[in-house]
Q: 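Here you go, one structure.
Bear in mind the structure is a predicted one, so any value in this text is a computation, not a measurement.
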Amino acid sequence: MSESAVVTGGTGGIGLETALGLAAAGFAVTVVGRDHVRGAGAVERISAVNPARPARFLCADLSSLDQVRSLAAQIADEHAASGEPLALLVNNIGAMFAERRILDGVEASFVVNHLSPYLLTELLLPTLRAGAPSRIVNVTSGAIGVAKRDFDAVEPPGGYYGFHHYGRAKLANLAYTLDLAARLDGTGVSVFAADPGGAATDMTDGTLTDPRIVSPALRLLWPLVRRRFARSTSGPASVAARPSITAATDGALTGRTGVVIGPEALPVAPFRPATDPRLAAAVRRLSETHAPVGARP
């Protein structure tokens with residue numbers, strides 16, 4: 001029986017390249033996205049890599065926590081009915097916003113980059129445990145280095161700057177990832193973070209060209225900072241997907257958990273603030289308040 005994988009944000013960019021790599025490794029891949037046309041194109045490309053296990057597309061807008069719940073229920077029900085184990089969940093979804101938006105009563109970047117993958121992961125834990133040995137891969141970002149580390153509230157004090165809010169949401173998700181790894185240690189479910197480094201994607205082509213997304217203090221340095229992320233100096237998405245593919249497939253990681261795979265597709269030390277148990281506890285409180293999952297599986 002072939003192993004099954006779910007990749008969110010898998011219809012383009014890093015997510016699609018990750019899905020292609022997983023298909024080449026023998027996985028039956030399900031990609032999740034919002035656009036049926038992009039989904040059909042992704043399925044065609046992925047299926048060509050692994051014709052024996054055709055890919056499939058599930059349509060869901062993961063900026064909506066209600067749709068996250070529906071997606072998780074569908075995946076869980078299908079695996080329970082088929083008896084096919086879910087061996088891998090790659091939370092690749094990510095977004096940056098130039099202006100402040102509200103989704104489900106919460107700032108949009110925190111929803112998309114943390115609460116959405118947090119909720120999907122928590123709801124699929126019983127399915128992943130049933131499919132053990134299994135893996136969870138959460139995509140992180142170097143933007144965590146400029147993030148505010150205040151998680152007393154769902155949104156930090158001060159003005160809205162998209163890059164910093166994106167980094168803060170990714171920092172929350174990395175803290176959650178490391179905390180989850182410790183929580184699941186010994187269950188057969190391994191948890192990894194993957195840092196793609198700079199990549200040429202729709203996000204870097206659009207939002208990152210606007211200097212308003214960073215605080216005034218960073219704007220003078222923004223052309224230098226952006227070099228890591230903008231198309232002119234970034235590698236292709238196929239290169240940026242290697243850390244996720246490594247985290248998902250590398251046999252050397254068998255039995256390990258809580259490992260961060262860096263842009264060179266090698267283990268790296270985690271960003272120290274993300275290992276702070278006080279920060280992890282604050283993130284946990286926010287997550288459970290704004291994306292409740294009920295009884296913890």
Side-chain angles (χ1 to χ4, degrees), residues 7-10 12-15 17-18 62-63 90-98 107-118 121 136-149 151 156 161-180 191-210 213-215 218 221-222 224-231 233-248 259-275 279-280 283:
V7 181
T8 66
I14 297 172
E17 294 294 340
T18 299
L62 299 187
S63 68
V90 180
N91 286 305
N92 171 80
I93 186 175
M96 190 185 303
F97 303 95
E107 187 273 318
S109 189
F110 201 77
V111 173
V112 175
N113 297 292
H114 173 59
L115 291 181
S116 173
Y118 159 81
T121 300
I136 298 165
V137 179
N138 290 333
V139 177
T140 185
S141 169
I144 60 178
V146 298
K148 288 185 177 181
R149 302 168 193 173
F151 290 98
Y161 303 107
F163 186 70
H164 301 269
H165 276 61
Y166 169 78
R168 180 176 177 271
K170 285 293 190 179
L171 175 58
N173 195 249
L174 179 58
Y176 163 67
T177 300
L178 299 176
D179 187 47
L180 180 66
V191 185
F192 302 97
D195 181 358
T201 67
D202 291 344
M203 184 175 75
T204 59
D205 280 350
T207 310
L208 288 176
T209 62
D210 187 344
I213 67 168
V214 296
S215 64
L218 189 58
L221 297 175
W222 184 235
L224 297 175
V225 176
R226 197 181 67 190
R227 289 180 61 189
R228 187 176 177 216
F229 298 91
R231 175 179 289 276
T233 55
S234 295
S238 58
V239 173
R242 290 177 185 169
S244 294
I245 296 169
T246 296
V259 179
V260 179
I261 305 299
E264 301 300 320
L266 295 171
V268 297
F271 185 52
R272 186 177 295 276
T275 67
L279 190 152
V283 168

Q: I need the Asn138 CG to His114 NE2 distance, nearest 0.5 Å.
A: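 NE2 of His114 is found 9.5 Å from CG of Asn138.
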Q: Do you know which two heavy atoms are closest between Gly9 and Asn92, and how far apart they sit?
A: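 Shortest heavy-atom separation between Gly9 and Asn92 comes out as O-ND2, 3.1 Å.
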Q: How many angstroms lie between CD in Glu107 and CZ in Phe97, if you round to the nearest 0.5 Å?
A: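 Between atom CD of Glu107 and atom CZ of Phe97 there are 7.5 Å.
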Q: Please find the pair of heavy atoms, one from Ser141 and one from Tyr166, that lie closest to each other, and give the distance.
A: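 Nearest pair, atom of Ser141 first, then Tyr166: OG-CE2, 3.5 Å.
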Q: Between the main-chain N or O of Ser109 and the side-chain N or O of Asn113, is there a donor-acceptor pair closer than 3.5 Å?
A: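 Looks like yes, one N/O pair under 3.5 Å.
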Q: So, Asn91 and Thr121: side-chain donor and acceptor under 3.5 Å apart, yes or no?
A: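 Yes - a donor-acceptor pair under 3.5 Å links their side chains.
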Q: Is it true that a side-chain atom of His164 and a backbone atom of Lys148 form a donor plus acceptor pair closer than 3.5 Å?
A: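 The answer is no, because no donor-acceptor pair under 3.5 Å joins these two groups.
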Q: How many angstroms lie between atom CD1 of Ile261 and atom CZ of Arg242, to the nearest 0.5 angstrom?
A: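 Interatomic distance, Ile261 CD1 to Arg242 CZ, rounded to 0.5 Å: 14.5 Å.
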Q: On a heavy-atom basis, which atom in Gly13 and which in Ala237 lie closest, and how many Å separate them?
A: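 Looks like C-CB, 3.7 Å.
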Q: Which atom names give the shortest non-hydrogen contact between Ala240 and Pro196, and what distance separates them?
A: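 Closest pair (atom of Ala240, atom of Pro196, distance): O-CB, 3.2 Å.
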Q: Would you find a donor on one side and an acceptor on the other, under 3.5 Å apart, between the side chain of Thr8 and the backbone of Ile93?
A: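 Yes, the answer is positive, given that a donor and an acceptor are paired below the 3.5 Å cut-off.
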Q: Enter the distance from Arg149:CZ to Leu279:CG here, rounded to the nearest 0.5 Å.
A: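 Those atoms lie 8.5 Å apart.
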Q: Classify the ring geometry of Phe151 against Phe110: parallel below 30°, tilted from 30° to 60°, perpendicular beyond 60°.
A: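 Ring orientation, 0 to 90° scale: tilted.
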Q: Show the nearest heavy-atom pair for residues Leu178 and Pro270, with the distance to one decimal.
A: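 Minimum heavy-atom contact is CD1-CB, 4.0 Å.
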Q: Check side chain to side chain contact (heavy atoms under 4.5 Å, CB included) between Ala193 and all other residues, then give those that pass, not counting sequence neighbours.
A: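 Scan of Ala193 (side chain to side chain contact (heavy atoms under 4.5 Å, CB included), adjacent residues dropped) gives Thr140, Leu174, Thr177, Val260.
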Q: Shortest non-hydrogen contact from Asp195 to Gly142?
A: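 Result for this residue pair: OD1-N, 3.9 Å.
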Q: Look up atom CG in Leu115 and atom CG in Asn173, then write down how far apart they are to the nearest 0.5 Å.
A: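 Going from CG on Leu115 over to CG on Asn173, the span is 9.5 Å.
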